[in-house]
Amino acid sequence: MQIMITGGAGFIGSNFVHHLSQNEDYDIVVLDKLTYAGDMENLKEVRDKIKFVKGDLTDEEAVSRTMKDCDMVVNFAAETHVDVSIEDPGIFLKSNVMGTYNLLECVRKYDVERYLQISTDEVYGSIEEGSFTEESNLDPSSPYSASKAASDLLVSAYFKTYKNPVLITRSSNNFGPRQYPEKLIPLFITYALQDKSLPLYGHGDNIRDWIYVMDNCKGIETALLKGKLGEVYNIGGGNEKTNLEITHLLLKLLDKPKTLIKNVDDRPGHDLRYSLDSSKIMKLGWKPEFTFEEAMKITVNWYKERFKC
Ligand code: NAD
């Protein structure tokens, strides 16, 4: 079975490629533009098992050529950093929305059996109490999450209008190996290793639900193989923590002092809390396998190995 994985040199995409490459039934083709967030190093252990195409989602010819003989497509490729989207929203619309449009048009043309769009809990916006289900309204707060919500709506519209065989997964915040060190966990680990101060937004009381990346990858595979076409599946880790709690835990695991924490002005439009109800994907047989504590230790050790100071 030939599977096209876009954004496979990025954080979650490369972990997904590692996961699938253990199964010889998959013939993997990665399409990635290699932005600052994509790194061939992330694929070095599996390089001889996959085909790699350097290309942009918005390049119709490159996408068409790569997808032509594929049975399944999983779209991870996107611009993903909220702070960058606040500075420069345009590239988010181009890659995330127009890129998705380009993929959907190719799916219409070819015999693709299943197309999975990787989305995020951020499309639902913030929630004070309770958890979002797949039926909740989309209410994004940042240009990043708005571009992801727009892509999701396009994917659903192609299901209704053209019967494109699509699915969507929306996961909570991922952590684990191979993430470019710009987001909270890898940034703070790599800064703390260098004894640099950790810029914590506001008082660090924003709450995120954290999922270990490999648990998300297994959830994505479950949705891809067993999900019902046209449906959305939430994939949450069930680990709600404030950013301050995460920071304290990282400092403890790294044996570094709390004095490294430096409170900085909060990000505009910063959502207070994300929370997902994942019961729908659990009915397909998925559940997280790693405890939060063991996954954090694996993650910290992975960065310590690579960022020896
Ligand atoms: P990432 O930023 O680590 O990687 C993105 C990858 O996409 C990179 O390899 C980059 O080179 C590639 N890319 C970007 N624009 C491209 C384009 N126009 N054409 C081809 N390739 C392009 O992202 P990630 O954290 O691995 O996220 C992957 C997906 O999962 C994204 O769609 C993101 O919205 C979603 N998501 C991420 C998280 C998270 O916590 N990281 C949570 C929920 C959902």
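Here the structure is a predicted model, which means the values were calculated and not measured. Atoms within a ligand are numbered from 1 in the order they appear, just like the ligands themselves. Sequential numbering from 1 along the given sequence is applied to the chain's residues.
Between the side chains of T133 and D277, no donor-acceptor pair is found at a separation under 3.5 Å. Residues D71 and Q2 have side chains that never bring a donor and an acceptor to within less than 3.5 angstrom of each other. In this structure, a donor-acceptor pair under 3.5 Å is present between the side chains of E240 and S275.
Residue A77 has no nitrogen or oxygen atom sitting less than 3.5 Å from a nitrogen or oxygen atom of ligand 1, judged on distance alone. At least one N or O atom of T35, backbone or side chain, sits closer than 3.5 Å to an N or O atom of ligand 1. For ligand 1, the polar-atom distance check against K33 finds a nitrogen or oxygen pair separated by under 3.5 Å. For ligand 1, none of its N or O atoms has an N or O atom of T58 under 3.5 Å away.
Using a 4.0 Å cut-off between heavy atoms, F92 makes no contact with ligand 1 at all. At a 4.0 Å heavy-atom cut-off, ligand 1 touches K148 through the side chain alone. With a heavy-atom cut-off of 4.0 Å, L34 touches ligand 1 through its backbone alone. Only side-chain heavy atoms of T80 come within less than 4.0 Å of ligand 1; its backbone N, CA, C and O stay farther off.
Proximity of S14 to ligand 1 is not established, as no heavy-atom distance is less than 4.0 Å.
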